Undergrad: 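My questions all concern the structure below.
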Protein chains: 2
Amino acid sequence: MAGRAEGRGSRQGGDLPPGHRDLQHPRHPAAHGRGVRPPLRARRPAARVHRRRHRGVSEDGPVSHLLDDAVASTPLGDGVHRVQVTADWHTANGTPNGGYILALLQHATLRESAHPDPLTIAVTYFRPAVPGPADIRVREVRKGRRVSTYDAVLVQDGKEIAHAVVSTHDWDAAGSVEHTPHAAPAVPRPEDCADVSALIPAGMMPILERYRYRAPTVPGWFRGEPSGSTESICWIRTSDERPVDALLAGALVDAFPPATAEIGQLASATIQLTVHYRRRPTGTVWTLGHVVARHVIAGYHDEDVELWDEDGRLIAQSRQLAILAEG
Amino acid sequence: MAGRAEGRGSRQGGDLPPGHRDLQHPRHPAAHGRGVRPPLRARRPAARVHRRRHRGVSEDGPVSHLLDDAVASTPLGDGVHRVQVTADWHTANGTPNGGYILALLQHATLRESAHPDPLTIAVTYFRPAVPGPADIRVREVRKGRRVSTYDAVLVQDGKEIAHAVVSTHDWDAAGSVEHTPHAAPAVPRPEDCADVSALIPAGMMPILERYRYRAPTVPGWFRGEPSGSTESICWIRTSDERPVDALLAGALVDAFPPATAEIGQLASATIQLTVHYRRRPTGTVWTLGHVVARHVIAGYHDEDVELWDEDGRLIAQSRQLAILAEG
């Protein structure tokens, strides 16, 4: 059942929670006869990448990034925010990646938050969003002195697409106890890793054009030879080199190929995803993801991501429960 | 800062999310001069343990268990369930353990669920519950064919205590793909492990009388010698030998001493806890918990639990983000 792109058919319009990062691939991407190709970002129309200033990260000029356009929201009052879902993060399913949906929910919620930083977000995915307008309804669950909690629902055409619980706080008011015996994986820096993105055929799916992937070695499943080990390490950055903040970190944890790809299971749909933010990211463009699925049981699998910055500091950790499309 | 029971003072009535398993201890429990003592369950009044039949687990007679009494709910209509919060799961904080709060929320939600089994539950803790009546307001977020999702809020005296998102499904309708390279930790069976509970002074706190703990070796922090390793392995069962089902599994993942005890940090309060259920437990009374805190950063720590049955099958896995009481 290696690399079965056809598996996704069973999830179209079904009731499995979708909204996801399924970086599905034909069995042998390299067999498409394209080989190494120019960096993906060269193909982005400059006008689009730069049409809107990215707020809150860049301080050195009118730099704009696609993710900020894609999560931009208009407050309609009473905690409701109008957004425009784009097709730019579509996966092989033809539906938006779950990390992008998470970013939409997180962005709108932070606009309502009493605190500046997300601490945790727990998302449940119900059905695929479609490109076009949508509303995010943010509700304050509890405002606290140190931690506040909100829920947010993405609604489109009267249907609930995804639901998030977001707790926020202020890193500047955090404590001081540190104990970090687990360091970032020891791998070469991105420039010394294999350029996985260069091996991806153009036009395969939009999400693969949003990010650049580099790995110590080209993943086995990517060569059509799944390794059997559901653990991987991969550098990732946006194609337009957006600096990493909590918004992007939330998207990134769901932007890796499913860890089950290495057992030949590429069609995986997230049901529930919890992200814990572990510090305020600063000054990093690449992040290193350590992706592990420990237990595939009855067609469900966990997937943990530890997301590290370029200096080996943990930015975020996530766990999701996902379901494989069988049959 | 080893074993600082005084640390808990900073969390009484504050705005830190409490509701938790803080198995706080005076610095040297063994120094209380009590030594080995009879099993805790011998001290339970039989009338109380057996006063109510446990529904849905036992099939061989009128056996009743305390947890079932403690989560019993009366439907008031419109998804509202009246419960009675008990002091029987109080931690050193003098407030209910988070695992018990989770069980309350899960139990009420399952009474509203279209599906029989919990798949995931994500709880955010806001403030301590107090013994006495409370309402759980369950709302259907989305009813699906395979997975349905609910939210539930525990409300007491008009204040929100804790909030849960519960997704439910039916294990009998699950898939078949299995890949389980990570086995349960190889440790002796409970009867061949150290009886940690026998070392706990009587009357220290109610939650310690709810469970029996056995470990391959007595934990270092328990002897006043924290090991510095925030990873532990421990058998646990209820004192009244309740068979494990999903309800109890949810309580158990938050019933272990905090993994940070081994770095001298005993006062830890859960902010967010996500549990993924991995199979329907059957025929097990003891479970084995593998508890790990990987990253303590700015006073926040993660804590993962893998909960295994007596036959080495994964029942549930949880992750929480918790905050240490500093100062």
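Within every chain, numbering begins at 1; the chains are lettered A, B, ... in the order of the sequence lines, protein sequences first and strands thereafter. Just so you know, these numbers come straight off a predicted model, no measurement behind them.
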Undergrad: How many angstroms lie between atom CD1 of B/I323 and atom CG of A/L119, to the nearest 0.5 angstrom?
TA: 8.0 Å
Undergrad: Give the minimum heavy-atom separation between B/V296 and A/V177, together with the two atoms involved.
TA: CG1-O, 3.6 Å
Undergrad: Give the minimum heavy-atom separation between A/A122 and B/A122, together with the two atoms involved.
TA: CB-CB, 4.2 Å
Undergrad: Side chains of B/H276 and A/Y300: do they bring a donor and an acceptor to under 3.5 Å?
TA: no
Undergrad: State whether the side chain of B/R319 and the backbone N or O of A/S318 hold a donor-acceptor pair below 3.5 Å, judged by distance alone.
TA: yes
Undergrad: Is it the backbone or the side chain of B/D151 that comes under 4.5 Å from a heavy atom of chain A, or both, or neither?
TA: side chain
Undergrad: Could you tell me which portion of B/V165 (side chain, backbone, both or neither) has an atom closer than 4.5 angstrom to a non-hydrogen atom of chain A?
TA: side chain
Undergrad: Angle between ring planes, A/H182 versus B/H295, binned at 30° and 60°: parallel, tilted or perpendicular?
TA: perpendicular
Undergrad: Is there a side-chain contact between A/H179 and B/T260, using heavy atoms and a 4.5 Å cut-off?
TA: no
Undergrad: Answer with side chain, backbone, both or neither: which region of A/R279 has an atom nearer than 4.5 Å to a non-hydrogen atom of chain B?
TA: side chain
Undergrad: So how far is it from B/T120 OG1 to A/D302 CG, rounded to the nearest 0.5 Å?
TA: 13.0 Å
Undergrad: Pick one of side chain, backbone, both or neither for B/Q317, based on which atoms fall under 4.5 Å of a heavy atom in chain A.
TA: both
Undergrad: Side chain, backbone, both or neither: which part of A/T274 has a non-hydrogen atom closer than 4.5 Å to chain B?
TA: side chain
Undergrad: Please check if atom CG in B/D157 has more than 12 non-hydrogen atoms from other residues, nucleotides or ligands closer than 6.0 Å.
TA: no
Undergrad: Is B/R294 close to chain A through its backbone or its side chain, or both, or neither, when contacts mean heavy atoms under 4.5 Å?
TA: both
Undergrad: Using a 3.5 Å distance criterion without hydrogens, assess whether the side chain of B/E178 forms a donor-acceptor pair with backbone atoms of A/G299.
TA: no
Undergrad: If every non-hydrogen atom of A/T149 is compared with every non-hydrogen atom of B/T124, which pair is closest and at what distance?
TA: OG1-CG2, 3.6 Å
